[in-house]
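Owing to the predicted nature of the structure, the values given are computational and were not obtained by experimental measurement.
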There are 2 protein chains.
Amino acid sequence: MNLAHRKRQLVRDELAEAALKLLAIQDFEDTTIDQIAAAAGVSRRTFFRYFQSKEDVIVESLATVGEELRAALEARPTGERPATVLRQTFCLFEQACAEIPEKTLRLTRLILHTPALNARYLERQAEWKAALAETLALREKASRHDLQPVVAVGVAFAALDAALGAWVAGDGKRDIADLLDETFTLAFPR
Amino acid sequence: MNLAHRKRQLVRDELAEAALKLLAIQDFEDTTIDQIAAAAGVSRRTFFRYFQSKEDVIVESLATVGEELRAALEARPTGERPATVLRQTFCLFEQACAEIPEKTLRLTRLILHTPALNARYLERQAEWKAALAETLALREKASRHDLQPVVAVGVAFAALDAALGAWVAGDGKRDIADLLDETFTLAFPR
DNA sequence: GCCGCGAGTGGCACTCAGTGTCAACCCTGG
DNA sequence: CCAGGGTTGACACTGAGTGCCACTCGCGGC
């Protein structure tokens, strides 16, 4: 049973890697699923047994981020002001950028510069926002329809977007942690 | 020449109206372009001469908002702080919500609740953000890579998103201007 | 060793979005 | 009357995504 599971993971990784290799030499729009499947040595039909769409091969790497963000937020000590809680929660992104910088940079640039991928990313981000707003509302004991947590999370993601945009614009030269510090200070003054 | 132009506009409106009528009775995903074209009395091919995609029939109504926002921002008197400038700029949305509330509410709910439409809307929003950030940067005489205007605009849209979300969640019962005041106060404290 | 069973796979056919092409058809101006 | 651009419908085609079915392979039971 565990062997079958690892075999599945193998094909999955093979497909994702084949997609990334193809996207290094041609545009996302020009890349067909037939090409990706052929490069991974499986049929087109099998591709769709692993990913729901062409975009998912790339964006799939963000699948677990939502739960990780929620867990990171819940782990923060009570009493911290929302701005600090959210800033610390976003340390999650710093880690990815620091551990494998060139791959993360390439992937981030790809997602931000490809309309179809950007759309899927924003879809994911909307889920993260909802999850974090809910968790933050519980934390702050806000009433159900209080807009404060929703706005705070939205502002935090505005800071994240600005920081990531500047990060790829500067080819990853500036430290993402510094950029996040700067945008958070601007977004949550005082 | 002007007659031909009005004829074009007629077909365009017919298609948009047919789409809205269909979406009142069935989901966006279940609605095919054949259905919309047939309802408007034209061929499928003609549909694509007026709209680039199925989503565009709905989102097309937002086509001019980008330039309108930019113009509204440029019209604000110098010396106003960014938070005030952006709040006043967004009065544009209040007008639409006030003039034809039930149609705007239906359209907004549709766009926010349909993944494909939401994706196109966010794409548009990204363009608006870029335009406003550029204009604001000129206004504030910020240096080219200053993050302040980008963050300010992002924060403003976080406030807009929260307000619009609450507006449709409350079925338009609460005044959108009040909601924007509330979310802007939360997003730009002091 | 054989049989059955479930999971993974490939192939095929199908729908639907979106695009290129071409012939027919206005309307308008000369 | 006719020559022109602009609009249209029909057809064919690619590519995304889905449903279906037959095949295979590894496994435990008999």
Side-chain angles (χ1 to χ4, degrees), chain A residues 1-20 22-23 25-60 63 110-111 114-121 123, chain B residues 1-20 22-23 25-60 63 110-111 114-121 123:
Chain A
M1 180 63 82
N2 204 337
L3 184 136
H5 186 267
R6 272 181 299 165
K7 226 164 110 182
R8 256 192 90 78
Q9 192 59 43
L10 204 75
V11 178
R12 195 178 180 82
D13 292 346
E14 195 70 31
L15 279 167
E17 202 175 331
L20 272 181
L22 281 169
L23 291 183
I25 57 172
Q26 61 187 12
D27 283 353
F28 179 80
E29 297 80 25
D30 298 334
T31 307
T32 70
I33 293 181
D34 284 284
Q35 290 177 3
I36 300 174
V42 299
S43 74
R44 206 176 75 92
R45 192 64 187 87
T46 294
F47 174 93
F48 284 107
R49 293 201 174 93
Y50 286 87
F51 300 100
Q52 290 197 343
S53 70
K54 202 168 77 167
E55 292 82 27
D56 276 22
V57 196
I58 306 301
V59 181
E60 161 253 28
L110 193 63
I111 291 177
T114 307
L117 293 176
N118 203 326
R120 292 287 176 141
Y121 164 65
E123 204 173 319
Chain B
M1 179 62 86
N2 204 338
L3 185 139
H5 186 267
R6 271 181 298 166
K7 227 165 110 183
R8 255 191 92 79
Q9 193 59 42
L10 205 75
V11 177
R12 195 178 180 84
D13 292 347
E14 195 71 30
L15 278 167
E17 202 176 330
L20 272 181
L22 280 169
L23 290 183
I25 56 171
Q26 62 187 11
D27 283 352
F28 179 80
E29 297 79 26
D30 298 334
T31 307
T32 70
I33 292 182
D34 283 286
Q35 290 176 3
I36 301 174
V42 298
S43 74
R44 206 174 74 91
R45 192 62 187 86
T46 294
F47 174 93
F48 284 107
R49 293 200 174 95
Y50 286 87
F51 301 101
Q52 291 196 343
S53 70
K54 201 168 77 166
E55 292 82 27
D56 276 23
V57 196
I58 305 302
V59 182
E60 160 254 27
L110 193 63
I111 291 177
T114 307
L117 293 176
N118 204 325
R120 293 287 176 139
Y121 166 66
E123 203 173 319

Round to the nearest Å and state the distance from B:Gln9 atom CD to D:dG6 atom P. 18 Å
B:Arg12: partners by salt bridge (Lys or Arg N to Asp or Glu O under 4.0 Å), with sequence neighbours left out: B:Glu60
Taking atom P of C:dA17 as reference, at what distance in whole Å does atom CG of B:Asp56 sit? 14 Å
According to a strict under-4.0 Å criterion, is A:Tyr50 in side-chain N/O contact with OP1 or OP2 of C:dG8? no
Residue pairs involving residues 32-42 of chain B (criterion side-chain hydrogen bond (donor to acceptor under 3.5 Å, both in side chains); sequence neighbours excluded): B:Gln26-B:Gln35
If the cut-off is 4.0 Å, is B:Thr46 near the phosphate of D:dT8, judged by side-chain N/O to OP1 or OP2? no
Rounding to an integer number of Å, can you tell me how far B:Phe48 CZ sits from D:dT7 P? 18 Å
Would you name the heavy atoms of A:Ile36 and A:Leu15 that are closest together and state the gap between them? CG2-O, 3.8 Å
Where do B:Ala119 and A:Ala119 come nearest, in terms of heavy atoms and distance? CB-CB, 4.0 Å
Close side-chain approach of A:Phe28 and A:Leu117, heavy atoms under 4.5 Å: yes
Which of residues 32-43 of chain B have a heavy atom under 4.0 Å from DNA chain D? B:Val42, B:Ser43
Between the protein and nucleotides 11-13 of chain D, are there any N/O to N/O pairs under 3.5 Å, and if so, what are the atom names and distances?
none

Rounded to whole Å, how long is the line connecting atom CD of B:Gln52 with atom P of C:dG20? 11 Å
ring-ring contact (aromatic ring centres under 6.0 Å, His included) against A:Phe47, all qualifying residues, sequence neighbours excluded: A:Phe51
For A:Ser53 and A:Lys7, take the nucleotide of DNA chain D holding the closest heavy atom to each; which residue's nucleotide lies nearer the 5' end? A:Ser53
Integer-rounded Å distance: C:dC27 P and B:Arg6 CZ: 14 Å
Please list all pairs passing the salt bridge (Lys or Arg N to Asp or Glu O under 4.0 Å) test where one or both residues lie in residues 41-58 of chain B, with sequence neighbours left out. B:Glu55-B:Arg120, B:Asp56-B:Arg120
What is the separation between atom CZ on A:Arg12 and atom P on C:dG8, rounded to the nearest whole Å? 12 Å
Measure the shortest side-chain to side-chain distance between A:Tyr50 and A:Val42 over non-hydrogen atoms and say whether it is less than 4.5 angstrom. no
Any B:Leu20 side-chain heavy atom under 4.5 Å of B:Ile58 side chain: yes
From CZ of B:Phe28 over to P of C:dA17, roughly how many Å is that when rounded to an integer? 9 Å
Between P of D:dT18 and CZ of A:Arg49, the distance in whole Å: 12 Å
